[in-house]
Amino acid sequence: MKRITTQIVTLLLACVFTISSVAAQTVSSSSNLSIFYPAGYDATQNTPSFAIQNEPVVNPGAQSGWKLNPTFSTSGSNNIATVNCGTGVDFYGTGEVTGALRRNNTSITLWNTDNYTYASFGGQQLYQSHPWVMGVRANGTAFGVIADNTWEMTIAISDTNIVFNSQGPAFRVLTFEAASPQAAVQELAALTGKISLPPIWSLGYHQCRYSYLTDTQVEGIADSFRLNQLPCDNIWMDIDYMDQYKIFTFSPTGYPNPTALNAYLHSKNFHSVWMIDPGVKQQAGYTIYDQGTAGNNWVKQSDQVTDFVGNVWPGACVFPDFTMPATRTWWSGLYPSFMATGVDGVWNDMNEPSVFGGVTNSMPTNNWHRGGGGIPAGTHLRYHNVFGRLMVQASRAGIMAANPTKRPFVLSRSNFLGGQQYAATWTGDNMATTAHMQLSVPMILTMGLSGQPIVGADVTGYSGTPTAALIGQWMALGTFYPFYRNHSEKGSPMREPWVNGPATEQICRIALQRRYRLLPYLYTLTQEASTDGLPIMRPLFFAEPTNANLRSQQQAFMLGDILMIIPKWATGVNYPTGVWTSISLVGEDSKNDPTQPNVLIKAGSILPLGQIIH
Ligand code: MIG
């Protein structure tokens, strides 16, 4: 009875909203890829493509026997593309998502959102957008689907279909075939861009805190790492280093001399990473505000004239319109003097953009971006999802101009498909719970399958109070994240390795020593990612794509091709075929250690290792 009622309601809804199907207008193709343009496709509404950096070479017409043919339709003002993928497909991708690695029967919304502890929107709406789905068939062949638009969109995946439902105008869809899941991710990277090799120090351990409140405290933290013989490469400065949260300023009391602090850190072989947010305090006399106002650089309200003002940490703020080339150039130009204090890396946060009290914690969708240089003017609804991506493009350019001979390191909370070219990322504000520690594995794997290899989660959990046991477990897991950073929220207990007593400190020490022992291998994998686009942390099914028992494995994972990592909390792990042997990295008993994940090497492999660092 219930089912019949549902069917009637569905029928009625279909009548009311007149879901009408639109024939594909044009198809162009190469041997492994097809691009579908719906009727009514208007290039000015969709170009330039933010996802596709390398436009594929295609010929007019369809490839015969092509399996992945979207059907275009509309519902009200929404445009929809439905791709029937056949049966027996395991789906992956869709970027930054909570939940399972295998994306069958999931739905997410692409609308970059400051989603504290993933608690809002059912956790199905986070900081980044990747309109991308990968399928893997039973025989191990794979395919990829890209919905090439930036507008707010949902991606609903069943066992057979992918439905992209966009609030924007008709958009094109790219589908491609690949011999393996690896080949699909490589094709994605060829289309959307690859990382540049980051500095090796960024692969070391990072100690962060919201916030170390004074330079003296930072120096003390650095000293403790060295005194306690805990390997560490980086210390992070969160927003409290600023004067009243004004970007590109320094607190006259807490951080009066950033040059001296950076010099101190460098003298102890640390690097420093400092935060820069997009919101600019609206305050006459503040240089950044005055410059940006004189340059007419701020995002406008819907009247296209008045600066939009929204609240963030500094209070009332204006926001750079990063769609404008002049704004990006101005923003890049702010970095050289900042970097000249000895800053090594930059952390761009809050760039969804986050606006306190705004709808979905952001700015109104009818705000106005002026574009330029090939980017048409348009609403915030169109450009919201690429705000952070355009910001880090400009940040990176400025950092490179400041230090042309150094490889930049930028960490961004928000981004868009392809944005890995500009910045590494982390999974935002997680919780200090076992559940979120475990969730970090499929989240990082999924980002890697969506083109972003350099990812981590806040080790020990950003929000809340972890037990000493959880701190040890998470530090031990983080060893194997591509980006290994301990971070925690203001008001929560400190999480540096020594604060929970000697037993936890020793667990952290072994975890850190393991990381540094693996550094040559991690560096090699990172270099390879910069050329082949493959993730660093990989799902177990990469090791044997035809093995149906590996497709949902999301607790154990691969580091590159030759190491399998099995956390001690992992249950029901299926091994890929082959001989896998536990190894000890720093003298620990990998297989039986109660906290450190078991590290297994594939028979016949060569693993480059560094010295044990004390
Ligand atoms: O509204 O800069 O996700 O890592 O410590 C909070 C303070 C702003 C959010 C980031 C978090 C960072 C915090 N930021």
Side-chain angles (χ1 to χ4, degrees), residues 96 98 112-120 123 125-128 206-213 217-218 221 234-251 254-255 272-281 310-317 319 343 345-358 360-363 387-388 391-392 395 409-415 423-432 436 439-440 443 447 455-464 466 474 478 481 483-496:
E96 191 177 41
T98 55
N112 294 352
T113 303
D114 180 354
N115 194 341
Y116 178 71
T117 65
Y118 317 152
S120 305
Q125 190 171 317
L126 294 180
Y127 310 86
Q128 311 201 7
H206 301 260
Q207 183 62 53
C208 190
R209 171 74 179 175
Y210 170 29
S211 301
Y212 297 126
L213 292 175
Q217 188 184 12
V218 171
I221 295 287
N234 310 285
I235 313 242
W236 289 53
M237 268 49 73
D238 205 323
I239 43 173
D240 291 287
Y241 81 79
M242 300 176 201
D243 179 19
Q244 301 167 64
Y245 304 127
K246 289 188 281 189
I247 56 172
F248 298 105
T249 71
F250 299 91
S251 160
Y255 287 79
S272 66
V273 186
W274 299 65
M275 178 175 274
I276 293 288
D277 288 345
V280 174
K281 186 176 178 70
N311 278 318
V312 209
W313 290 111
C317 284
F319 297 82
V343 167
V346 171
W347 179 13
N348 285 159
D349 186 27
M350 304 295 273
N351 50 355
E352 293 71 34
S354 179
V355 179
F356 296 159
T360 68
N361 301 330
S362 193
M363 53 175 68
F387 184 93
M391 177 190 183
V392 289
S395 295
F409 178 74
V410 184
L411 187 83
S412 183
R413 193 170 71 174
S414 185
N415 216 329
T425 199
W426 89 107
T427 61
D429 297 339
N430 59 3
M431 290 190 291
H436 271 200
L439 176 63
S440 73
M443 286 186 89
M447 288 296 285
V455 198
D458 282 348
V459 169
T460 72
Y462 177 70
S463 168
W474 212 326
Y481 289 170
F483 171 61
Y484 185 18
R485 186 186 68 159
N486 174 319
H487 183 41
S488 55
E489 187 180 29
K490 189 176 274 194
S492 75
M494 303 285 283
R495 315 289 172 78
E496 292 71 19

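We count ligands from 1, going down the list as the structure has it; atoms in each ligand are counted the same way.
- The protein heavy-atom contact nearest to atom 3 (O) of ligand 1 is Asp429 OD1, 2.6 Å.
- Residue Met350 has at least one heavy-atom neighbour below 4.0 Å for each of these atoms of ligand 1: 1 (O), 8 (C).
- Across the listed options Asp277, Val312, Asp349, Asp349 owns the non-hydrogen atom lying nearest to atom 8 (C) of ligand 1.
- Considering backbone and side-chain atoms alike, Arg485 places every N or O at 3.5 Å or more from each N or O of ligand 1.
- Close placement of the Trp236 and Trp347 rings is indicated, their centers lying within 6.0 Å of each other.
- In Trp426, the part holding a heavy atom less than 4.0 Å from any atom of ligand 1 is the side chain.
- Between Phe483 and Phe409, the ring planes lie tilted relative to each other; the angle falls in the 30° to 60° range.
- Residue Trp347 has no nitrogen or oxygen atom sitting less than 3.5 Å from a nitrogen or oxygen atom of ligand 1, judged on distance alone.
- Within the 6.0 Å centre-distance limit, the rings of His436 and Tyr118 are counted as a close aromatic pair.
- In this structure, Glu96 contributes its side chain and Gln128 its backbone to a donor-acceptor pair below 3.5 Å.
- Inter-residue side-chain proximity for Thr425 and Met447 is flagged as met; some heavy-atom pair is nearer than 4.5 Å.
- Not a single heavy atom of Tyr116 sits under 4.0 Å from any atom of ligand 1.
- A salt bridge links Asp114 with Arg413: the distance from a Lys NZ or Arg NE/NH1/NH2 to an Asp or Glu carboxylate oxygen falls below 4.0 Å.
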Any chance you could lay out the side-chain contact (heavy atoms from CB on, under 4.5 Å) test for Thr427 and Asp458, step after step, and finish with the verdict? CA-CA 7 Å; Thr427 61; Asp458 282 348; over 6 Å; no
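- Taking only nitrogen or oxygen atoms, main chain and side chain alike, His487 reaches within less than 3.5 Å of ligand 1.
- Residue contacts with ligand 1 for Met275 involve side-chain atoms from C-beta outward but no N, CA, C or O (heavy atoms, distance under 4.0 Å).
- Aromatic rings from Tyr481 and Trp426 are positioned such that their centres are separated by 6.0 Å or more.
- In terms of protein heavy-atom proximity, atom 5 (O) of ligand 1 is closest to Asp238 OD2, 2.5 Å.
- Between Trp313 and ligand 1, at least one pair of N/O atoms sits closer than 3.5 Å.
- Looking at atom 13 (C) of ligand 1, its nearest protein heavy atom turns out to be Tyr462 OH, 3.4 Å.
- Using a 4.0 Å cut-off between charged side-chain N and carboxylate O, Asp238 and Arg209 make no salt bridge.
- When non-hydrogen atoms are compared, ligand 1 lies under 4.0 Å from neither the backbone nor the side chain of Lys490.
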